[in-house]
Student: 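One structure coming up, written as structure tokens, with questions to follow.
Residue numbering restarts at 1 for every chain, and letters A, B, ... go by the order of the sequence lines. Reckoned from all heavy atoms, side chains included, excluding hydrogens, waters and symmetry mates.
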There are 2 protein chains.
Amino acid sequence: MTQDDKAIGRRVTLEEVARMAGVSRGTGSRVVNGSPKVSPDARRAVEEAIARLGYVPNRAARSLVTRRSDSIGVVFPVPTARFFGDPFFLLFLNGIGTALALRGLQLVLLMPQSGEEEQRLERYVAAGHIDGVVLTALHGDDPLPERLAARGVPVVVNGRPPRGAQASYVDADSRGGAASATAHLLAQGRRKVATISGSLDMPAALDRLLGFRDALEAAGLPIDPSFEEVGDFSQEGAARAMHLLLERQPDLDGVFVASDSMAVMALGVLQSAGRRVPDDVAVVGFDDQPIAGTTRPPLSSVRHPIEAMSREMVRLLLHSIDARDRLPRQVMFPTELVVRESSGGLPVKRS
Amino acid sequence: MTQDDKAIGRRVTLEEVARMAGVSRGTGSRVVNGSPKVSPDARRAVEEAIARLGYVPNRAARSLVTRRSDSIGVVFPVPTARFFGDPFFLLFLNGIGTALALRGLQLVLLMPQSGEEEQRLERYVAAGHIDGVVLTALHGDDPLPERLAARGVPVVVNGRPPRGAQASYVDADSRGGAASATAHLLAQGRRKVATISGSLDMPAALDRLLGFRDALEAAGLPIDPSFEEVGDFSQEGAARAMHLLLERQPDLDGVFVASDSMAVMALGVLQSAGRRVPDDVAVVGFDDQPIAGTTRPPLSSVRHPIEAMSREMVRLLLHSIDARDRLPRQVMFPTELVVRESSGGLPVKRS
DNA sequence: CGTGGCTGTGGGAGCGCTCCCACGCCATCG
DNA sequence: CGATGGCGTGGGAGCGCTCCCACAGCCACG
């Protein structure tokens, strides 16, 4: 009550704060922006005035002179609609949001629905309304990273960008993770191991398929396409893929699934087809999402550190903005296999 | 190429556009903002200059004088983490995003992680950094709607707010939808009908449970708590709930599930428990998400128009902002039952 | 005691835009 | 034919902030 009226009333300006603190606007600004060149006395007075008046700096005025918007765009191309069902995206969004909030930056969500809207987005971003962009869920031929980079917009991509575009990105070692998951199945004595992959125009999906094959090769087993099926990262796609695999290979004894949300469906299909998991068929997923620990049986899965990766993306992006350097940088995060009951392994910890 | 240099180079200002068009800044501004008091000649000249120079208005400068940020916050309290797995949220976000983009407004995503962060958010929003707020996925005791409204921030809530808070909201007729879904099961001759509900501190979940009971009562059947189980809107919760229900009521012959993503799991559990759907057990979901059409068997579900609802939320919000009126308004959208095979009904159209 | 440097401060300029007032021009009317 | 009114226009003011230059005050040194 004592100060709520201020909250409702007109805006408080730095001028008023300064007047109350008995200093100039300039000194007030210095305090707000944490400049070291302020005497302790002045600093204290200003801080007190800020608290008393409930002052919050006016972003627009600041942006106007700094030529920074202090907001970061997260671009999520909607045509990637199948991805929509995957909770992974929300965990990722949350990670980015947290990292940005910590630095007082705004998260602006951009969801272009079409090529046309992507172009509007491009102009919009290039106009300086956004300091940098996080791109995610890119499909094979999306030219967005290059185009934005060409306009001088700092960009970080979530996952290796398609077509080897020259852009900064943060990725998890999908291939290695997939290989260790598959190797784990083979180590359990499984010999007829299949995989359900994501849409292969997404690098992450392709990497997981390649890792799967790596492990087979390393074990001296042949690569047989009839053990591979695309699940598209959607639950319905995963169910379809699992049915197909069972039809083609009724005696398969292991499945590596490229995402947990698909793995959950695969588990269901296997069980309703009368297969016991892990006795008849061992299953390993990817992502290690919360759901993995709660399925029946609990799902073995490959973990990648979403939180740490989002933090790193933000760090890279801010560096690129501050340092004005557009050198592409890549950061790779290791993955780790988390063994649970679905793969028949002893519930050991991380491998 | 011809104008890319401009895109990269310094910003183009209205001043330059006006100079090129041979008019004053004021007239330029009028054209940009669609004022009618401009001669056709001047308008044409300015529009041409805008196109030639690739001019995009500077939001910060505009905001500074209009005292509008032209951005809308979408608040999604993270503690609602279980909701994370539900694709519904993304469809909703997408609907809001589209409606905003159409009006040139920015979507700022706010994901407070704790009560403390909610307070920061409150100050932030009250400081005028955001013109209005869309709230979603509220749990029982969240005071956010009232608190924001008390600070004079235009607010629209997705779904009836908890505790009957005085706020504008847009909701679907969950209760009616749930009732018609349940009635549909009863009409198929099912008599042992159970339900898996969402977290009951969310009004939408509660409404669906009440609708379920409404239908039972209307049919003269008793309300038996052992036919009700909370699934929490999460897939793991749904699986758990379905197991429990089967244990308690092995001969149940129908289930109404409060969301499609839970229904998918329920379907899986039923089938792996050897029940045939719909022969032994009929299932109806809620949301009518894309996945509903692709399960085996296809899932009957209650449809609510997410797209139309998001549009309406944006409309209400903008009205409240423009008209400066804070009168709470409520809009209710009807739901419709979409019958597919999982409920054993003939695949008729909407009921 | 003068000089030099260093620290902290004040306040002008200006970011790009919208708002608004004043004014010129033309058509209309008494 | 002069007064009246509207329409379209020009341009000053000012939104709230940061940046920067100038300067006051102080200490240390020669």
Student: Nearest 0.5 angstrom please: M111(B) CE to F76(B) CZ, how far?
Tutor: 8.5 Å
Student: At a heavy-atom distance below 4.0 Å, which nucleotide of DNA chain C is the first touched by chain A, and which is the last?
Tutor: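 Contact boundaries, 5' end first: dG8(C) to dG16(C).
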Student: For a side-chain contact (heavy atoms from CB on, under 4.5 Å) with L317(B), tell me which candidate from D322(B), L105(B), V170(B), V156(B) qualifies.
Tutor: V156(B)
Student: To the nearest 0.5 Å, tell me how far L148(B) CG sits from L144(B) CG.
Tutor: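 The CG atom of L148(B) sits 4.5 Å away from the CG atom of L144(B).
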Student: So which atom in P305(B) and which in F333(B) form the shortest heavy-atom distance, rounded to 0.1 Å?
Tutor: CG-CD2, 3.7 Å
Student: Of all the heavy-atom pairs spanning A172(B) and H304(B), show the shortest one and how long it is.
Tutor: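 It is CB-CB, 3.6 Å.
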Student: Between L64(B) and G26(B), which residue's closest nucleotide on DNA chain C lies nearer the 5′ terminus?
Tutor: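 It is L64(B), whose closest nucleotide lies nearer the 5' terminus.
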Student: Return the 5'-most residue of the pair P36(B), T66(A) with respect to DNA chain D, ranking by each residue's nearest nucleotide.
Tutor: P36(B)
Student: Tell me which of E15(A) and R30(A) sits closer to the 5' end of DNA chain D, going by the nucleotide each one is nearest to.
Tutor: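 By nearest-heavy-atom nucleotide position, the 5'-most residue is E15(A).
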Student: Hey, does V32(B) reach any base, or is it just sugar-phosphate, or nothing, if we go heavy atoms under 4.0 Å?
Tutor: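 Answer is nothing: V32(B) stays at 4.0 Å or more from every strand.
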Student: Could you tell me whether R43(A) atom CZ has more than 12 heavy atoms of other residues or ligands within 6.0 Å of it?
Tutor: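 Enclosed.
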Student: Within the structure shown, what part of the strands sits under 4.0 Å from A42(B) by heavy-atom distance: base, sugar-phosphate, or nothing?
Tutor: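 A42(B): backbone/sugar contact only, no base atoms under 4.0 Å.
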Student: Reckon R67(A) touches a base, only the sugar-phosphate, or nothing at all at heavy-atom distances under 4.0 Å?
Tutor: sugar-phosphate
